[in-house]
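Below is one structure, written out as structure tokens; comments come after it.
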Amino acid sequence: AVFYVFTIIAVEDSKKKNPMTDKILFVAAIILLNLVCSKAFIRADLTNAKSYSLSQSSIQTVRTLEEPLQIKVFFSENLPSDQNSVSQYVKDMLSEYKTAAGKNLSVEFYNADKEENARLASEYGLQQIQIQEIKNNEVGFKNVFMGIVLSYADQIECIDPITDGSGLEYKITTSISRVI
């Protein structure tokens, strides 16, 4: 219907040249292009070392999944900035795994500050770690969860603690390989 209206305007405009109609058509085209692009997801890793892309072995590992793999991520909220960046890195990396694996991989994120989620993390065998926190010019310590649980069929594997992003892809891929 929208294209029909713009076609009528364009046909009428071709009979007489009106700059206002050109502006309206341009704005409408930009809006339509924006709507189309918002539905399409395109991501590109432009770093030389492909730092934000999975390796071929990781992609191949998750593409060979025959049963659903569940990944449960337990992170406490309100982490200091350096640990919060680790949390974001884990989310980004797991979204890459999810994209590569398709329907055979599900990822769930749990706020480990909630008592029931902390209990569940402990039942899986994840340990709380103590991190240093600076608040109101005072140094303190906080117990937090920062771990991942992978479950595949009747196998469970934990990656705990995750305090930085170095080697995380290797840890996740080797853990997936062990459970499958």
Side-chain angles (χ1 to χ4, degrees), residues 41-180:
F41 176 74
I42 299 171
R43 184 178 173 277
D45 184 357
L46 301 177
T47 60
N48 285 337
K50 300 297 181 198
S51 304
Y52 300 101
S53 298
L54 293 180
S55 66
Q56 280 305 116
S57 60
S58 295
I59 292 170
Q60 190 59 35
T61 300
V62 294
R63 284 191 179 157
T64 61
L65 294 172
E66 295 175 0
E67 295 183 36
L69 171 69
Q70 292 181 324
I71 299 178
K72 298 178 181 185
V73 182
F74 294 90
F75 267 78
S76 298
E77 287 191 348
N78 301 320
L79 296 170
S81 63
D82 54 336
Q83 274 80 26
N84 197 32
S85 64
V86 172
S87 173
Q88 185 61 49
Y89 183 70
V90 168
K91 288 177 185 177
D92 293 344
M93 180 160 293
L94 291 176
S95 73
E96 288 290 316
Y97 276 96
K98 175 82 176 113
T99 301
K103 63 180 173 42
N104 275 339
L105 191 141
S106 66
V107 180
E108 296 177 65
F109 295 93
Y110 293 88
N111 175 3
D113 290 335
K114 293 183 178 178
E115 188 176 325
E116 63 271 10
N117 294 341
R119 191 175 330 109
L120 182 61
S122 295
E123 288 172 5
Y124 279 118
L126 296 178
Q127 302 291 316
Q128 280 188 323
I129 60 170
Q130 195 173 62
I131 60 171
Q132 189 174 7
E133 178 179 49
I134 299 174
K135 207 183 253 188
N136 299 329
N137 293 328
E138 294 180 8
V139 176
F141 294 95
K142 182 178 182 179
N143 291 328
V144 297
F145 282 100
M146 298 175 74
I148 297 175
V149 175
L150 297 99
S151 59
Y152 183 79
D154 60 346
Q155 300 291 317
I156 294 177
E157 182 83 22
C158 296
I159 304 173
D160 182 40
I162 302 171
T163 55
D164 63 21
S166 63
L168 183 60
E169 180 184 354
Y170 175 77
K171 291 176 187 175
I172 293 173
T173 301
T174 54
S175 294
I176 292 172
S177 296
R178 277 195 291 266
V179 296
I180 61 173

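Nearest heavy-atom pair across Asp160 and Gly147 is OD1-CA, 4.2 Å. Residues Ala118 and Ala112 approach most closely at CB-O, 3.5 Å, considering heavy atoms. Here the shortest heavy-atom pairing between Leu126 and Cys158 reads CD2-CB, 4.0 Å. For the pair Ser58 and Glu169, the tightest heavy-atom approach, listed with the atom from each and the gap, is OG-OE2, 2.7 Å.
Side chain of Asn111 to backbone of Asp113: a donor-acceptor contact under 3.5 angstrom is found. Between the Lys98 side chain and the Gly102 main chain, a donor and an acceptor come within less than 3.5 Å of each other. Using a distance-only test at 3.5 Å, with no hydrogens or angles considered, no donor-acceptor pair links the side chain of Asn117 to the main chain of Tyr110.
Looking at Val144 and Gln83, their side chains never come closer than 4.5 Å, going by heavy atoms from C-beta outward. The shortest distance between side-chain heavy atoms of Tyr152 and Gln70 does not fall below 4.5 Å. For the pair Ser175 and Arg178, the minimum side-chain heavy-atom distance is below 4.5 Å.
Put simply, CD on Glu157 and CD1 on Ile71 are 11.5 Å apart, with the number rounded to the nearest 0.5 Å. Taking CZ of Phe74 as the start and OH of Tyr124 as the end, the distance is 6.0 Å to the nearest 0.5 Å. In this structure, CD in Gln127 is found 7.0 Å from OG in Ser122, a value given to the nearest 0.5 Å. Considering CD1 of Ile148 and CD1 of Ile172, their distance stands at 4.5 Å, rounded to 0.5 Å. Once rounded to the nearest 0.5 Å, the distance linking CG of Leu69 with CD1 of Ile176 reads 5.5 Å. Note that NZ of Lys142 and CG of Leu79 are 6.0 Å apart. Values are rounded to the nearest 0.5 Å.
The number of heavy atoms from other shown groups lying within 6.0 Å of CD (Glu115) does not exceed 12. Heavy-atom neighbours of Glu66 CD from other residues, nucleotides or ligands within 6.0 Å: at or below the threshold of 12.
Of the N and O atoms on the side chains of Tyr97 and Thr173, at least one donor lies less than 3.5 Å from an acceptor on the other residue. Asp92 and Gln88 share a donor-acceptor pair across their side chains, judged by distance under 3.5 Å alone.
Taking 4.0 Å as the cut-off between side-chain N and carboxylate O, Arg119 and Glu123 do not count as a salt-bridged pair.
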Please report the C-alpha distance between Glu133 and Phe141 in whole Å, then the side-chain angles of each, then the deciding distance to 0.1 Å, and finally whether the side-chain contact (heavy atoms from CB on, under 4.5 Å) criterion is met. CA-CA 6 Å; Glu133 178 179 49; Phe141 294 95; over 6 Å; no
